[in-house]
Structures are given as structure tokens and as C-alpha cells.
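Following: one structure in C-alpha cells, then a few remarks.
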Amino acid sequence: IRNYCRVDSFDESGMNACHVAAQKGHSEIMDFLLKHGAFVDTRTALGFTPLHFASQSGCENCTYVLIDNFGASVDAKTVNCVTPMHLAAESGQHVVCKILLRNNASPICIDRKGRSPLHFAAKHNHTMILKCFKKHCYNALSYEQFDKDGFTCAHVAAMNGSVAFIKELLKINPEMVVPVLTDNEK
């Protein structure tokens, strides 16, 4: 860096050192790169930002550095409209979801297939994500939001054998789950 080394050089997929540091959970390296000219919302060829990678990997420190110190966009979308919240929910990173929610990330954002973060969590039986959303943004959620295939998060949970997720949904609203289970049993 003293000899004018570029901190924003990309590989063939569009990843730079900041993306890799976020993905691997190296918050100190990421902080250093950002302080020396790396762009906080730089995107890969598929539109992933460092915050996408930090959210997916569950690196809380990276998430804090990106948002609090450098103002990363919490609702940045990939080319498929996937947000950091989708990736945190998919990988079961409930603490990162809380951080994102506290920084006004949308819990109801949808990707190109119409899937919300709850659809992603339901597929992988991540009940802690459901509990986190219920606690932090209950009124904002639509548990009955349909994706482009006509599935709610209850459908997705049922299709993927996510029993614990279904049980948590039943605690919230039994009417939204029982018809789904009945339809699948036919």
C-alpha cells in the first residue's frame, strides 16, 4: 500500500481482497483495506458485496465493521435480488440477522423467485431465524407471502422436512400451517 498497491484488484469472478476477507471472517484485514481505499459496496460479477459474504459466513465483527464504520448498504441486492438478509437466514446466522434488522434491513425483501428470507430459513429448518424475526419485526412480516411457485415459508418447510420450523410457525398462527400440511398429505 505504501508503494501504491491497489486494494481493489478483482479476480475473474469480480472478487477483491475485501470480499475474501469478509467471506473468511477477517475483520481486521477488511477494516484495513477499507481504510486504504477499498469500496465498501463493491460488487462481484453476480452482485455480491462484502456484506453478503460476511452475512453468509456469520462474521459478526465483519458485519459491524461494514455497517457501522463504513456505511455498507444493508439491503444491497445481487443480480438475483438476494440480500445479505437472505444469506444470513439461509445459513442460520441469527445474530447477523439481528444486526441487520437493527440497522433497518428489510425482513420482507424478495429475490427474483419471490422468496423472502423466511423461505430461505424454512428450507434449512433454521428456527432461530424465525424466532429472531418474530421478536424483532413481528408486525412487518408476512408469514403467508407466496413465492413465484406459489409456496409460502410453511410450504417450503413442509417440502424440506423442516419439522422444527413448522412447529414454530404453528405457535405463531396455526391456520397458516394446518392447510399446508393437509394439502401435502393428500
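These figures come from a predicted structure and were not determined experimentally.
- Not one N or O on the side chain of Asn61 forms a donor-acceptor pair closer than 3.5 Å with the backbone of Ser27.
- Within the 4.5 Å cutoff, side-chain heavy atoms of Cys109 are placed close to those of Pro117.
- Residue Lys123 qualifies as open at atom NZ: its count of foreign heavy atoms under 6.0 Å is 12 or below.
- For the pair Val40 and Leu34, the minimum side-chain heavy-atom distance is below 4.5 Å.
- Counting only heavy atoms from C-beta outward, the side chains of Asp147 and Lys113 never approach each other to under 4.5 Å.
- Contact annotation: the side chain of Thr63 never approaches that of Val95 to less than 4.5 Å [non-hydrogen atoms, C-beta and beyond].
- Taking the side chain as every heavy atom from C-beta outward, Leu87 and Phe48 approach each other to under 4.5 Å.
- Proximity of a side-chain donor or acceptor of Asp41 to a complementary backbone N or O of Ala72 within less than 3.5 Å is not detected.
- In this structure, Ser106 and Met85 have side chains that are not in contact, with every pair of non-hydrogen atoms separated by 4.5 Å or more.
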Inset, instruction - Please assess His86 against Thr83 for the test side chain to side chain donor-acceptor pair (under 3.5 Å), listing each intermediate value before the final yes or no. - result: CA-CA 5 Å; His86 283 101; Thr83 66; 2.9 Å; yes
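- Contact of the Thr42 side chain with the Pro50 side chain is registered, since non-hydrogen atoms from C-beta on lie closer than 4.5 Å.
- Asn103 places a side-chain N or O within donor-acceptor distance of the main-chain N or O of Ile99, the cut-off being under 3.5 Å.
- No hydrogens or angles considered: a donor-acceptor pair under 3.5 Å links the side chains of His119 and Ser116.
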